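Here's the structure, in structure tokens; my notes come after.
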Amino acid sequence: METISKTIFDATEIRGRKLANRLVVAPMTRVSATDAGIPTQEMADYYEAFAAGGFAMIITEGTFTDELFSKANRNQPGITNAAHINGWKRVVTAVHSHGALIINQLMHGGALSESSEETIAPSAVLPAGLRATDNTVPPSPFPMPRAMQAEDFETVKTGYVNAALRAYEAGFDGVELHAANGYLFDQFITPYTNLRTDKYGGNERNRLRFLIEVYQAVKAALPLGFIVGIRVSESKVNDLAYRWPGGSATARRIFEVLAEIDPDYVHIAAEGGRWERECVYPDGTSSNSIAKSILRSPVIANGGMHDVALAETLLNGNAADLVSIGRAAIASPDWPKLMAAGEPVVPFFKELIKPSLTLAHTRCVREQCDESALC
């Protein structure tokens with residue numbers, strides 16, 4: 001019997017939720033909410049453009065979950081109060097009008113805060129690298145975080161559960177727990193930022209324990225059909241060269257532990273944007289192929305997936321079920337429709353997000369206008 005090749009345009013599903021294709025918009029920091037973290041009409045237009053352009057699922061930028069220590073960036077959106085919910089409702093309604101799903105990425109910055117001098121983390125370890133997201137101030141060292149105590153664990157967990165409940169109220173189809181890119185859950189996973197000697201430190205199972213506790217609490221609080229995914233990575237925003245110390249062996253142990261909770265999906269990020277460099281091990285395996293061999297959950301691949309040949313190689317090589325696209329989507333929000341029609345796409349160029357990540361900056365680059373006037 002002839003095997004039918006998978007394509008990026010095939011319909012698929014996540015936990016019974018139908019998706020028109022295998023194309024997902026990756027979460028990308030855009031720091032364009034109000035000072036209070038309220039999503040704006042500009043954000044609604046931004047996310048709607050991806051849905052209108054043919055992406056089947058959109059994952060929002062990281063959204064802070066509490067008003068204490070979770071916020072990582074100025075003008076980051078939040079989901080901690082009624083004003084946030086109402087702002088997100090505009091976004092969700094706009095996306096749903098085109099038949100796409102939208103997932104709210106829930107994020108706790110932990111030690112990596114660009115906006116606060118008081119931070120918490122698994123251990124009191126000064127983060128690598130420099131604060132660099134805010135282009136209005138010179139890069140500077142991160143503050144020394146305070147090691148989390150018992151009450152901090154409960155506060156963070158409660159923040160995630162309440163944030164997920166608010167996301168459900170806002171109409172989101174699910175949430176993604178951000179355990180990648182160097183933020184709080186990833187700080188637990190990473191040995192050099194987690195020096196704990198209690199049940200949350202040591203081996204992979206212990207270092208994943210808090211993520212699993214939060215995942216289970218969120219799942220227990222939400223209706224059965226509400227999607228709860230997990231995003232992991234090796235590299236970090238403040239340490240792009242970092243890789244799991246044991247390579248493929250560490251990957252196997254991590255995914256074996258995650259398989260026990262059967263997440264609704266697992267999203268494997270390549271922070272630097274190159275899948276081959278960040279996800280392939282010397283033994284020829286990849287984090288994606290290992291995850292697929294262990295998990296029952298759908299696996300989302302990331303890192304240069306606008307290369308259709310690469311994306312479809314992973315789909316057909318039992319290394320992914322969906323692919324997420326970031327920068328190429330910023331350049332061409334209608335990337336799926338253009339690719340399906342065989343029409344040229346706008347290539348990404350770094351000036352779209354440099355020196356500023358804001359939506360206003362990207363718009364002014366496109367329109368060649370005076371950014372100082374926020375045209």
Side-chain angles (χ1 to χ4, degrees), residues 62-72 79-80 104-113 116 118-125 127 144-165 167 175-222 228-234 236-239 242 244-245 250-251 253-269 291 295 297:
T63 304
F64 65 85
T65 55
D66 65 56
E67 297 284 351
L68 294 173
F69 304 109
S70 71
K71 188 175 181 180
I79 191 152
T80 67
N104 188 202
Q105 188 188 69
L106 302 182
M107 169 180 164
H108 194 299
L112 299 189
S113 176
S116 176
E118 291 186 63
T119 58
I120 60 173
S123 303
V125 175
M144 176 67 77
R146 172 175 62 78
M148 289 173 62
Q149 304 300 313
E151 60 270 21
D152 296 310
F153 284 86
E154 288 306 311
T155 298
V156 171
K157 184 193 301 183
T158 299
Y160 268 92
V161 171
N162 289 339
L165 289 167
V175 295
E176 178 177 275
L177 304 188
H178 195 355
N181 308 131
Y183 298 109
L184 182 65
F185 289 132
D186 191 30
Q187 291 158 29
F188 274 93
I189 295 170
T190 303
Y192 79 76
T193 53
N194 183 352
L195 307 181
R196 301 182 74 94
T197 57
D198 60 7
K199 66 180 181 180
Y200 295 108
N203 60 31
E204 286 84 3
R205 179 176 296 279
N206 283 354
R207 288 186 278 114
L208 286 162
R209 187 182 303 276
F210 187 44
L211 170 62
I212 289 172
E213 288 176 353
V214 173
Y215 178 88
Q216 291 174 327
V218 169
K219 284 296 286 185
L222 275 298
V228 183
I230 293 175
R231 192 181 211 219
V232 297
S233 74
E234 299 189 43
K236 310 173 190 312
V237 293
N238 63 319
D239 188 357
Y242 179 81
W244 288 334
T250 299
R253 288 192 293 271
I254 285 173
F255 293 123
E256 284 173 348
V257 175
L258 290 179
E260 295 173 12
I261 60 170
D262 193 23
D264 291 340
Y265 69 79
V266 171
H267 187 184
I268 303 174
L295 298 166
S297 317

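As the structure is a computational prediction, the values presented were derived from the model and not from experiment. For the numbers below, each heavy atom of this structure counts, side chains included, while hydrogens, waters and symmetry mates do not.
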Approximate separation, where rounding is to 0.5 Å, of [X] [atom1] and [Y] [atom2]:
X: L68; Y: T119; atom1: CG; atom2: OG1; answer: 13.0 Å
X: E234; Y: D186; atom1: CD; atom2: CG; answer: 9.5 Å
X: L177; Y: Y183; atom1: CG; atom2: OH; answer: 16.0 Å
X: T250; Y: I189; atom1: OG1; atom2: CD1; answer: 11.5 Å
X: T63; Y: I79; atom1: OG1; atom2: CD1; answer: 6.5 Å
X: F69; Y: S113; atom1: CZ; atom2: OG; answer: 10.5 Å

Any idea which heavy atoms bring [X] and [Y] closest together, and the distance?
X: A72; Y: M107; value: CB-CE, 3.5 Å
X: A221; Y: L165; value: O-CD2, 3.5 Å
X: V125; Y: L195; value: CG2-CD1, 3.7 Å
X: G182; Y: L112; value: O-CD1, 3.2 Å
X: V232; Y: I230; value: CG1-CG2, 4.0 Å
X: H178; Y: N181; value: CE1-OD1, 2.9 Å

Just so I know, are the side chains of [X] and [Y] near enough to count as touching, which here means a heavy-atom distance under 4.5 Å?
X: L184; Y: P122; answer: yes
X: I261; Y: K219; answer: no
X: D264; Y: Y215; answer: yes
X: P127; Y: P145; answer: yes

So does [Y] get a backbone contact from the side chain of [X], meaning a donor-acceptor N/O pair under 3.5 Å?
X: S70; Y: F64; value: no
X: T193; Y: Q187; value: yes
X: E176; Y: G229; value: no
X: D152; Y: Q149; value: yes
X: S297; Y: V266; value: no
X: R209; Y: K199; value: yes
X: R231; Y: I268; value: no

**Message:** I want to know whether F185 and Y160 have ring centres closer than 6.0 Å.
**Reply:**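 Between F185 and Y160, the centre distance is under 6.0 Å.
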**Request:** Decide side-chain contact (heavy atoms from CB on, under 4.5 Å) for I120 and H108; before the verdict, give the C-alpha distance in whole Å, the side-chain angles of both, and the deciding distance to 0.1 Å.
**Result:** CA-CA 10 Å; I120 60 173; H108 194 299; 4.0 Å; yes
**Prompt:** Do Y192 and D239 get their side chains close enough for a donor-acceptor pair, meaning under 3.5 Å?
**Reply:** yes
**Request:** Name the orientation class of the two ring planes belonging to F210 and F188 (parallel below 30°, tilted from 30 to 60°, perpendicular beyond 60°).
**Result:**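 Rings of F210 and F188: tilted, as their planes differ by 30° to 60°.
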**Message:** Between E256 and R253, does any NZ, NE, NH1 or NH2 come within less than 4.0 Å of an OD or OE carboxylate oxygen?
**Reply:** no
**Request:** Check the surroundings of atom CD in E260: do more than 12 heavy atoms from other residues, nucleotides or ligands lie under 6.0 Å from it?
**Result:**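 Yes, because the 6.0 Å sphere around CD of E260 holds more than 12 heavy atoms from other groups.
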**Asked** Does the side-chain contact (heavy atoms from CB on, under 4.5 Å) test come out yes or no for N206 and N194, once each step is laid out?
**Response** CA-CA 10 Å; N206 283 354; N194 183 352; over 6 Å; no
